[in-house]
Amino acid sequence: MNADVDEQQEPEARSDSGLTVVDRYYLAWRDYQDVHGEQPSGKELSAHLADKGITGRGGSPVNPSTLRRYLLQFRIYEIWADDRLESTVPSPRTVAQICARRGITAQYNRAITTEDVLNHTDDFERRWHATRHQAETQSS
């Protein structure tokens, strides 16, 4: 299966499954953790995607620098999604506090703020529904 991913494609462009390109990167990021027990670097995620048949332009592996721009967002999303299991409206303040406790910071070691979480909330909610729908479809 060659799921050629156009790295220049808009990250919000959705496939028939409702997943964006970034959602597919996220699912591979989660899968890597399930297999290896740790979070991947951009290079490791690129290789993992290629192993799963998800490649960039021309069948080349997705550029690790493309993937690195999403790794922090995936870490924050994981915390948000855990809170989403407990509440229909995750608390941005709680998510930011958990990020601080876990040492998850933005560029230049800047603390993740409530505003940072709020800036991603719409995308997180969309990803929540798309990935849960994908999981339900695969298990049926």
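Just so you know, these numbers come straight off a predicted model, no measurement behind them. FYI, the numbering just counts along the sequence from 1.
P92 and T114 make their closest contact through CB-CG2, 3.6 Å (heavy atoms, listed as atom of the first residue, atom of the second, distance). When every heavy atom of I79 is checked against every heavy atom of C99, the shortest pair comes out as CD1-SG, 3.6 Å. For the residue pair I54 and V62, the shortest heavy atom distance occurs at O-CG2, 4.3 Å. Smallest separation of non-hydrogen atoms from D116 and A111: OD2-O, 3.7 Å. Contact between W29 and E78 at its shortest, heavy atoms only, is CZ3-CG, 3.3 Å.
Note on I98 and L85: same hydrophobic cluster, where clusters join Ile, Leu, Val, Met, Phe, Trp and Tyr whose side-chain heavy atoms are under 4.5 Å apart, directly or indirectly. At a threshold of 4.5 Å between side-chain heavy atoms, the hydrophobic network of Ile, Leu, Val, Met, Phe, Trp and Tyr places L27 and F74 in one connected group.
In this structure, CG in D23 is found 12.5 Å from NE2 in H129, a value given to the nearest 0.5 Å. Annotation: the span from Q39 atom CD to R30 atom CZ amounts to 8.5 Å, rounded to 0.5 Å. Remark: H120 NE2 to E115 CD distance equals 10.5 Å, nearest 0.5 Å. To the nearest 0.5 Å, the span separating CZ on R110 from CD1 on I112 amounts to 6.0 Å. For the atom pair CG (N119) and CD1 (I76), the distance works out to 10.0 Å, reported to the nearest 0.5 Å. For the atom pair CG (D31) and NZ (K52), the distance works out to 4.0 Å, reported to the nearest 0.5 Å.
Between the S46 side chain and the G42 main chain, no donor and acceptor come within less than 3.5 Å of each other.
Inspection of the H48 and E44 side chains reveals no N or O donor paired with an N or O acceptor under 3.5 Å. The closest side-chain donor-acceptor pair between Q73 and Y25, if any, does not fall under 3.5 angstrom.
In this structure, R126 forms no cation-pi arrangement with W128, as its terminal cationic atom is not both closer than 6.0 Å to the ring centre and no more than 45° off the ring axis.
With ring centers used as reference points, W80 lies under 6.0 Å from Y77.
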Residue pair L72, T105: steps toward the side chain to side chain contact (heavy atoms under 4.5 Å, CB included) verdict
CA-CA 8 Å; L72 174 62; T105 60; over 6 Å; no

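The shortest side-chain heavy-atom distance between L49 and L67 falls under the 4.5 Å cut-off. Within the 4.5 Å cutoff, the side chain of R84 has heavy atoms near those of the E125 side chain. Side-chain contact between V22 and R127: present, with at least one pair of heavy atoms (C-beta onward) separated by less than 4.5 Å.
Sorted by first and then second residue, the side-chain hydrogen bond (donor to acceptor under 3.5 Å, both in side chains) pairs involving residues 89-100 (not counting sequence neighbours) are S91-T94.
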